[in-house]
Structure formats: C-alpha cells, structure tokens
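Just so it is clear, the model here is predicted, and its values are computed rather than measured. In each ligand, atom 1 is the first atom listed, and ligand 1 is the first ligand listed.
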Amino acid sequence: MAAPALAKGKSSPAAEKFLSEPEIAKLKRVKVDLVAPPMVHKHEQVASGAPRIVEFRMEIEEKKMVIDDNGTTLQAMTFNGSMPGPTMVVSAGDYVELTLVNKASNAMPHNVDFHAATGALGGAKLTNVNPGEQVTLRFKADRPGTFVYHCAPEGMVPWHVVAGMSGTLMVLPRDGLKDPAGNLLRYDTAYTIGEFDLYIPKDENGKYKDYKTLAESYGDTAEVMRKLIPSHIVFNGKVGALTGEGALKAKVGETVLLIHSQANRDTRPHLIGGHGDWVWETGKFANPPEKDLETWFIRGGSAGAALYTFKQPGVYAYLNHNLIEAFELGAAGHIVVEGKWNDDLMKQIKAPGPIVA
Ligand SMILES: [Cu+2]
C-alpha cells in the first residue's frame with residue numbers, strides 16, 4: 001500500500017507503489033473552493049487521514065488590467081481573474097483533480113502545466129481547451145513543495161505566462177513542515193505572492209500603448225519580450241497591489257508562511273527589518289530549510305517558501321532586493337504588524353539632532 005510509506009515521509013520514486021484505477025476510485029474525495037491571492041484557502045498542515053482526491057475548479061479569464069498608478073494597461077490572461085492564479089494546497093500522496101474552464105467570452109486557447117505533476121508536459125498536452133470548453137485532469141502530487149503552475153499553449157508559451165497565467169500548487173508533507181532536526185514547523189497564516197515581469201510596448205512618443213484586444217497586443221509585446229527588459233515588475237498584478245488597503249497583516253508572535261512564485265524570471269525576496277527564519281528557496285520540503293536568511297532567491301520557473309515569526313511591530317516592506325526592480329519597476333509590498341516594541345532587539349539611544357562637537 002502506498003499510504004503507510006507516504007505517512008513516514010518517504011517520497012522517493014523507488015519506494016512508491018502505484019494505485020490501480022479501482023483503488024483510486026475508493027479514495028475519499030474533497031472539493032476545495034479557491035480564494036483570491038494573497039490569501040490561501042483553508043487547509044491542514046499535518047494530514048489527518050489517508051491520501052484523497054482533491055477537486056479544484058479554475059476559470060480562465062482574459063481581461064484588460066490597469067497595472068500602475070499612471071493607468072497603464074495590460075491585456076492580461078488569468079486563472080480565476082487574478083494574478084497570480086489562486087494557490088492550491090494538498091498533502092503529498094493526494095491526487096489533484098482540476099477542472100479547467102475556458103470561458104466562451106475568451107479569445108485564446110489555453111491549458112495548464114503543473115511543475116508538481118509527472119508526464120504529458122505537466123498536463124499541458126491533456127488540457128488544451130478552446131473558448132467555450134472545459135477539461136478535467138487528475139495527477140498524483142507525490143513530491144512535497146511549492147510548485148509553479150502555468151499556461152503553456154504550443155507556440156505561445158512565454159506570452160501566456162508573462163501576461164499573467166501562473167500560480168502555485170503547494171504540496172505539504174503529510175507529517176507537516178520540518179526543521180533540519182525534524183521538529184514540526186507550523187505557521188499561523190499563509191500568504192501567496194506572485195511576481196510578474198511585464199513587457200508593455202511603448203508608442204513613438206514613449207507612451208505605453210493601450211490595446212483594444214488581446215490579439216492586437218501580441219506582436220509589439222513579443223518584440224519587447226525579446227529585449228529581456230521588463231517595463232514593470234509587479235507583485236499580484238499591479239504596482240502597489242500589496243500596499244495600503246492591500247497590505248499583508250500580522251501580529252508580533254505570529255508565524256507567517258510567505259509563498260513566492262515567479263514563473264519566468266529570477267527574483268530575490270527580502271523582508272526589510274525581518275529575515276527568513278526558515279527558507280526553502282528552491283521550494284521543495286523534503287530538503288532541509290536554511291535559517292536566518294536576509295535575502296533568498298527564487299529561480300525563474302519556480303516557487304519558494306519562507307517562514308518568519310514577527311518580533312517587532314511596524315510597517316515592513318517585502319520586496320525583490322534588486323532595489324531598482326522593487327522601487328522603480330514595482331516589485332514591493334508591505335506587511336503591517338501590530339504588537340509591542342522590543343527595546344532589547346532595537347532601541348534608538350539618541351534621536352537625530354544637531355552634531356555635537
Ligand atoms: Cu493561456
């Protein structure tokens with residue numbers, strides 16, 4: 001039986017037993033309603049039972065989105081109307097069963113490639129849907145970690161990805177997250193951040209172009225893409241999406257899991273005034289996490305995860321620490337933390353004042 005082996009945290013392919021279709025049919029089914037980023041749907045951190053089939057449904061929505069404070073627009077493509085798409089959470093050994101709906105109002109064919117899945121280009125070959133169609137894919141989530149998923153239609157892969165079609169699947173170990181000594185690591189809240197490098201074309205006067213249709217934006221966008229210099233780099237769909245009203249929230253003493261995906265381009269997350277207490281920068285939970293990181297590194301085409309327990313109140317910035325990408329191009333958000341200040345960790349001994357001779 002696969003279940004006992006997985007319960008011990010063994011996920012090496014050699015130890016794996018493959019279930020037959022009748023065995024899979026006997027598994028318990030659970031339906032999960034996805035929630036919009038930066039939130040993550042309710043889930044258990046330690047699996048309470050045997051592997052299940054977890055059903056998800058996502059609708060693809062093409063739409064024009066405003067991506068900065070100057071009203072610049074992106075002819076975007078999204079899973080469920082958001083950038084990134086919603087984060088899905090299962091436990092290792094569970095089966096993901098996704099129904100992917102391509103709304104009739106869309107113009108393009110789409111599909112989905114799960115980096116967590118095995119075979120058929122991540123599922124992309126089995127999920128090609130034209131506008132007005134839907135498809136259902138099942139795969140075994142047999143490796144723990146945070147994994148990118150993204151659209152990957154033949155001949156148009158990078159365009160669909162940089163136009164917004166990516167998200168994260170988090171596969172938790174059945175016995176939960178562990179530090180290198182094997183102690184259980186828990187979080188109080190999980191937030192999901194998707195970082196997007198955008199390539200908005202400019203007209204002859206240097207102004208960003210606005211397109212009436214998705215298809216019209218393609219040629220110019222591909223030209224900008226080939227230069228490899230993004231016009232904007234944003235968290236969750238827009239410059240400032242995670243600031244002000246959209247800022248993430250926490251309390252002193254609270255442990256937060258920050259999931260960070262980048263489907264196309266490298267990034268280097270950093271929490272100003274904080275750290276990564278435990279970080280899986282390559283995002284795969286069977287590997288021991290690193291501790292005390294100032295800045296970590298998410299490879300383009302992956303998702304990573306960092307745990308942090310807040311010790312001081314205040315407004316923190318969470319950003320890509322190429323500071324030009326953060327402050328000029330948009331890759332920055334805020335975490336507003338309530339609680340009591342700790343003078344032992346930091347104290348202003350003398351406030352700024354005139355220089356004393
Ligand atoms: Cu697509």
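- Centroid-to-centroid, the aromatic rings of His232 and Phe196 stay 6.0 Å apart or farther.
- Screening residues 266-287 for salt bridge (charged side-chain N to carboxylate O under 4.0 Å, His left out) gives Arg268-Glu325 as the qualifying pairs, with residues at least two apart or on separate chains.
- Residue contact annotation: Asn111 places no N/O/S atom under 2.8 Å from the Cu ion (ligand 1).
- Of all the N, O or S atoms in His160, the one closest to the Cu ion (ligand 1) is ND1.
- The one candidate from Thr72, Thr73, Asp220 that meets the side-chain hydrogen bond (donor to acceptor under 3.5 Å, both in side chains) condition with Lys209 is Asp220.
- With the Cu ion (ligand 1) as vertex, Cys151 SG and His110 ND1 subtend 130°, rounded to 10°.
- By the 4.0 Å N-to-carboxylate-O rule, Asp69 lies close enough to Lys238 to be salt-bridged with it.
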